[in-house]
Amino acid sequence: MKIDEISLPERQDDLQNQLCSQIESSIKDIEKHVAATALPDSLSIHLRRSISQLSSLSPLPNSLKLHIWKLSYRLWNACVDLSNASAVALIKHDEEHAKLRQVSADLLFLASDVQGIPSPAIKSTSFFYKTGLIWHDLRKFELANYCFEKASDLLSKVDITNISEYEEKKLLLDLNIARSRTAWEVSDRNLAIALLSRSRNVLFALAENYKALANQYLMFGKAMLSKNEVYEALKLMNDALELCERGLTVVKRTEETLALKELRSKTLRFLAASHLQRDEFESVLKCVKVLRDGEKDQHPSLSVLAMKAWLGLGRYGEAEKELRGMVVDKGIPEGVWVSAVESYFQVVGAAGAVAVKGVFLGLLGRCHVSADAAVRVVNKVIGNPSGGGEEARLRAKVVSDLVSDDRIQTLLSGEDASKERTAMHALLWNCAAENFRSKDLLTSADIFEKSMLYVPSDIESRNLRAKGFRVLCLCYMGLSQLDRAQEYINEAEKLEPNIASAFLKFKIYLQKNESNGAITQVQALPSCLDFTTEFLSLAAHEAIACRCLPVAVASLSLLLNFYSTGKQMPTTEVVVFRTLVMILSQDPQNDSDILKQMKRAHSRLLEISAENFFGKGESGRRERNWFSVNAWNSGVKTGQQNQYAICAEFFKLASEFYGASIDEEKEGNHVMVCKSLIMTVSAIISDEKQRTNTLLENEVKEAVSLLDRAGKMLMSSSTDYDKLEAIIEPNLLFVYTWCAFDLHSRLDDTGSQQLLLIKRFANSKYCNPKHLLQIGIDAAQGPSSNHEVAIFALSTCLSTFLALPSPDYVSVALMLRKLVSLRSIHGVDTNDDATMEIYTEAYRIMVGLKEGEYPVEEAKWLAMTAWNRAAVPVRMGHMDEAKRWMSMGLELAKKVPGMQTYRSCMDDFIAGFEKKLSGT
């Protein structure tokens, strides 16, 4: 044998001892470690390196294995001490601690076949099992599975029939269950179930083992149930139930029997829940019956399960009995019966509202109910009130009865229930709001009133109470209970005087048709601190909708006062004026008010310019035209009603509106301005005649000024008088001429101007003879008559009439009479040939006419006045002149039917007159 071969075992032994010494040194460091500080990772690294080197030096002598065994236990116990100290200091296990446990298990595994120690494989298995549990808790499932598989491999070499110790028997089952749990966590469901099935072979007729395995089946079943995999859950729970039944056949101690029975009951309850989830209601009731028959102390969930099963079968009476039975059972926790109430109401709906109310009020009388439970029940009874209908109304009625109960109010009145009180108020408020939106105002008002019960009376809640009073006001306004609505809004205004309360008071006055009260309230709106001008606009709209036009006028009039302040306004000023005028126009008696507002609009027009008032572009022109046309139409209307003073004002405003220029227009509608000015002066003169009061000199001058403006516009538009028809109607041309003649007749030294004016009009081809006749008649009478104008007008008019194919002889007779009268009134002597020419012309006119075609009375008048005119020459001795007038009278009398007697007398008188003349 060589020397090297002899020395190799010795060197290996030295290396093994050296590695063991290193391991022991590291263990000593661990034993000295303070639990409050973290373990350094170098310890586990050094230990694992040493173990790796030591395992490569196998086989190990038994003495060394014994030493390793002791070192492993020393390391394990050091870890246990550190763990206990950490538990006292509330420090959780960390991965370094688990690594040291792993090292201890691996170290023990090196000596798992040591001689002289009983069941070394079982003890090594225990180390791996416990280490795997730690890795599992740290959710290091791969490392946990490694430990469990290592332990399983060790156990596979052990004959389990020779295991006699209780702890060792239990270890076999616990290892399978732990490995199953780890497989379940990594979603290896088949392996997990297989390991549980394998565990049935290592129960060793121990009640504790039956309980542990059944409990694990139940845990897996619950997990499957939570994922809605009900079929798989039922299989697992049935396995759990079977194990419980088998376990009860082998139990020997009372406490073990009770534990298994408790687990059996728990499993049955979850079985019932699974059947309920699958709508297998009959199976649920069977489970409940078994539980009730076998237990003295009923679990709180049984009533809930039974109630839900009866509900599923549609047997609501039985379900209600279960629900009411909870009132008697004082052992049912609050959360359970609240959940039951919610479930019952969810299925039965509004039909079960009364039952829910009875149950809840019964519970209030039986035991202490928390404020949160009260809120939950009310919330469930309210449900979803949107959409309204009979169901929502019934729910609301039950809620109203519930929340008005003194016990619930007391329950939510304390300081510690402020959160629940706020929640209750919010629930009731939202319910009432939904009913309000559904137009169920009576229900809405009831619930809003009940919500006020849960608003504290402190200063901080004043605004909330005021808000409640305001919505109650709205409800009763909708119900037309206006007195009650007014009571609520008065209370709201006391708590929070703001624009909302003031506006609601205004609406109540409107609905009561109290116009004076509404107007007073409108005038009070601007005094509110949160007032905005939009409320005045809204008030006007409300008043128009209620056909309360005086209130609308007051609102808009008040709104107009704010445009000069520079505030933000809801609409343009011109729109407000236009709306105001339109409202006033609906009453025919409002002409003076319309005039007032139009004058106000005109003042603003002058103040801020046409473009700023009417607006720019096409919209501005439309607004201008609207005001212009309405002023014109109002002038026409009042003129037709003989209200000439107002008529003149309207036409004057029309001229101003028509004359407003927009977008740099050179001028407005000058034609309509001219017409409006003419109509203004005409109305002024008509008003004077109506009042029989003469215009003052300054009024005459003002009227002349207006007419001059119109004349200048006419002349600037056309140099030819006959071309004015394109600008102005012939009738208005006559009105202009007539007004100018009338006004100039009042001024000194204007006779020639009047004659020139009438001649110019008469020479126009658009001159109407009737208009000229009117001018002649007016010029012939009155204090400011002008006989020259009258004679010219009447003579011209007479010529025009006679030139017609069918003259109007009534008018002709009138003109002849006026001409004769003018000659007489203005001191014309008897030798006036012009007067004779009038009579002669009259005679010629009557020649050839049919009898009665010329007015008989007028013909008689001519004949008689001509005959009578001879009297003066006779007395004066002018016989020839007298004879001439008598002859004219006789000739005229011959043309008049019915004057035969007069003619014979005239003939006799003339014959005698001629004899007398010849005798002399």
(request) Calculate, to the nearest 0.5 Å, the distance between atoms NE2 and OG belonging to H541 and S537 respectively. (result) 4.0 Å
(message) Please check: side-chain N/O of N435 versus main-chain N/O of C431, any donor-acceptor pairing under 3.5 Å?
(response) yes
(request) Any chance you could lay out the ring-ring contact (aromatic ring centres under 6.0 Å, His included) test for F448 and Y476, step after step, and finish with the verdict? (result) CA-CA 11 Å; F448 273 130; Y476 285 108; over 10 Å; no
(message) Can you confirm whether the side chains of S400 and D446 place a donor and an acceptor under 3.5 Å from each other?
(response) yes
(request) Would you check, one step at a time, whether the test salt bridge (charged side-chain N to carboxylate O under 4.0 Å, His left out) holds for K235 with D239? (result) CA-CA 6 Å; K235 288 172 58 179; D239 288 339; over 6 Å; no
(message) Can you tell me if Q568 has over 12 outside heavy atoms packed within less than 6.0 Å of its CD?
(response) no
(message) If we ignore hydrogens and angles and just use 3.5 Å, is the side chain of N215 paired with the main-chain N or O of K211 as donor and acceptor?
(response) no
(message) Can you tell whether the side chains of K227 and E229 come within less than 4.0 Å, N to carboxylate O?
(response) no
(request) May I ask you to decide if L412's main-chain N or O and E420's side chain share a donor-acceptor pair within less than 3.5 Å? (result) no
(request) Report the C-alpha distance between T572 and Y563 in whole Å, list the side-chain angles of each, state the deciding distance to 0.1 Å, and finish with yes or no for side chain to side chain contact (heavy atoms under 4.5 Å, CB included). (result) CA-CA 9 Å; T572 57; Y563 279 92; 5.8 Å; no
(request) Could you tell me whether the side chain of S413 and the main chain of T410 form a donor-acceptor pair under 3.5 Å? (result) yes
(message) In the structure I gave you, are the side-chain heavy atoms of C287 and V290 within less than 4.5 Å of one another anywhere?
(response) no
(request) Look at the side chain of T182 and the backbone N and O of A178, then say whether any donor-acceptor pair between them is shorter than 3.5 Å. (result) yes
(message) Taking the side chain as everything from C-beta on, heavy atoms only, tell me whether K505 gets closer than 4.5 Å to N490.
(response) yes
(request) Determine yes or no for a side-chain-to-main-chain donor-acceptor pair under 3.5 angstrom, with T443 supplying the side chain and A396 the backbone. (result) no
(request) State, with a plain yes or no, whether a side-chain heavy atom of V455 is found less than 4.5 Å away from one of R421. (result) no
(request) Look up atom CG in D401 and atom CD1 in I408, then write down how far apart they are to the nearest 0.5 Å. (result) 10.0 Å
(request) Please work out which of the three classes, parallel, tilted or perpendicular, describes the rings of W184 and F220, given edges at 30° and 60°. (result) parallel
(request) Considering non-hydrogen atoms only, spot the tightest contact between F436 and C475 and give its length. (result) CD1-SG, 3.7 Å
(request) With sequence neighbours excluded, tell me which residues meet salt bridge (charged side-chain N to carboxylate O under 4.0 Å, His left out) with E245. (result) R264
(message) Please report whether the ring centroid of Y509 lies less than 6.0 Å from that of F506.
(response) no
(request) Answer yes or no: are there more than 12 heavy-atom neighbours, outside M452 itself, under 6.0 Å from its atom CE? (result) yes
(request) Report yes or no: does Q409 contribute a side-chain atom to a donor-acceptor pair with the main-chain N or O of S404 at less than 3.5 Å? (result) yes
(message) A side-chain contact here means heavy atoms from C-beta on lying under 4.5 Å apart; do C473 and I508 qualify?
(response) yes
(message) Could you check whether any side-chain N or O of T267 sits under 3.5 Å from a backbone N or O of L263, counting only pairs where one atom can act as donor and the other as acceptor?
(response) yes
(message) Do L271 and L241 make a side-chain contact, defined as non-hydrogen atoms from C-beta onward lying under 4.5 Å apart?
(response) yes
(request) Report yes or no: do S461 and D458 form a side-chain donor-acceptor pair below 3.5 Å? (result) yes
(request) For residues M237 and S274, report the shortest heavy-atom separation together with the two atoms involved. (result) SD-OG, 3.4 Å
(request) Measure across S555 and V522 and return the closest heavy-atom pair with its distance rounded to 0.1 Å. (result) OG-CG2, 3.6 Å
(request) Report the distance from atom CD of E232 to atom CG of L225, rounding to the nearest 0.5 Å. (result) 12.5 Å
(message) Heavy-atom count check: over 12 atoms from other residues, nucleotides or ligands less than 6.0 Å from R278 CZ?
(response) yes
(message) Looking at E491 and K494, is any side-chain nitrogen of the basic one under 4.0 Å from a carboxylate oxygen of the acidic one?
(response) yes
(message) Looking at E434 and R437, is any side-chain nitrogen of the basic one under 4.0 Å from a carboxylate oxygen of the acidic one?
(response) yes
(request) Grab the two heavy atoms, one from D483 and one from K512, that are nearest each other, plus how far apart they are. (result) OD1-NZ, 3.0 Å
(message) I'd like to check the salt bridge (charged side-chain N to carboxylate O under 4.0 Å, His left out) partners of R139; sequence neighbours left out, ordered by chain and number.
(response) E185
(request) Can you measure from CD1 (I489) to CG (L474) and round to the nearest 0.5 angstrom? (result) 7.5 Å
(message) Could you walk me through whether F281 and K308 satisfy the side chain to side chain contact (heavy atoms under 4.5 Å, CB included) test, starting with their C-alpha distance in whole Å, then the side-chain angles of each, then the deciding distance to 0.1 Å, before giving a yes or no?
(response) CA-CA 8 Å; F281 304 116; K308 290 184 177 180; over 6 Å; no
(message) Within the structure provided, determine whether L580 and L560 are in side-chain contact (heavy-atom separation under 4.5 Å).
(response) yes
(request) Can you measure from CZ (R465) to CD (E496) and round to the nearest 0.5 angstrom? (result) 13.0 Å
(message) Measuring only between side-chain heavy atoms, which start at C-beta, is E449 closer than 4.5 Å to Y488?
(response) yes
(message) In the structure I gave you, are the side-chain heavy atoms of L313 and E282 within less than 4.5 Å of one another anywhere?
(response) yes
(request) Might you work through the side chain to side chain contact (heavy atoms under 4.5 Å, CB included) test for T520 and E514, ending with a clear yes or no? (result) CA-CA 10 Å; T520 302; E514 295 181 7; over 6 Å; no
(request) Go through K419 and D372 one step at a time and tell me if the side chain to side chain contact (heavy atoms under 4.5 Å, CB included) criterion holds. (result) CA-CA 9 Å; K419 180 180 178 182; D372 180 65; over 6 Å; no
(request) Locate the shortest heavy-atom distance separating V284 from L305; write the atom from each residue and the value. (result) CG1-O, 3.8 Å
(request) Answer yes or no: is there a donor N or O on one side and an acceptor on the other, between the side chain of R315 and the main chain of W310, under 3.5 Å? (result) no
(message) I need the minimum non-hydrogen distance between L510 and C548, along with the two atoms involved.
(response) CD2-CB, 3.9 Å
(message) I'd like to know if the side chain of Y210 pairs up with that of E242 as donor and acceptor (distance under 3.5 Å, no hydrogens or angles considered).
(response) no
(request) Using the side-chain contact (heavy atoms from CB on, under 4.5 Å) rule, pick out the option among L525, L536, I519 that qualifies with L558. (result) L536
(request) Measure the NZ-CD1 distance between K397 and I447 for me, rounded to the nearest 0.5 Å. (result) 9.5 Å
(message) Under a 3.5 Å distance rule, please check whether N238 uses its side chain to pair with a backbone N or O of L234 as donor and acceptor.
(response) yes
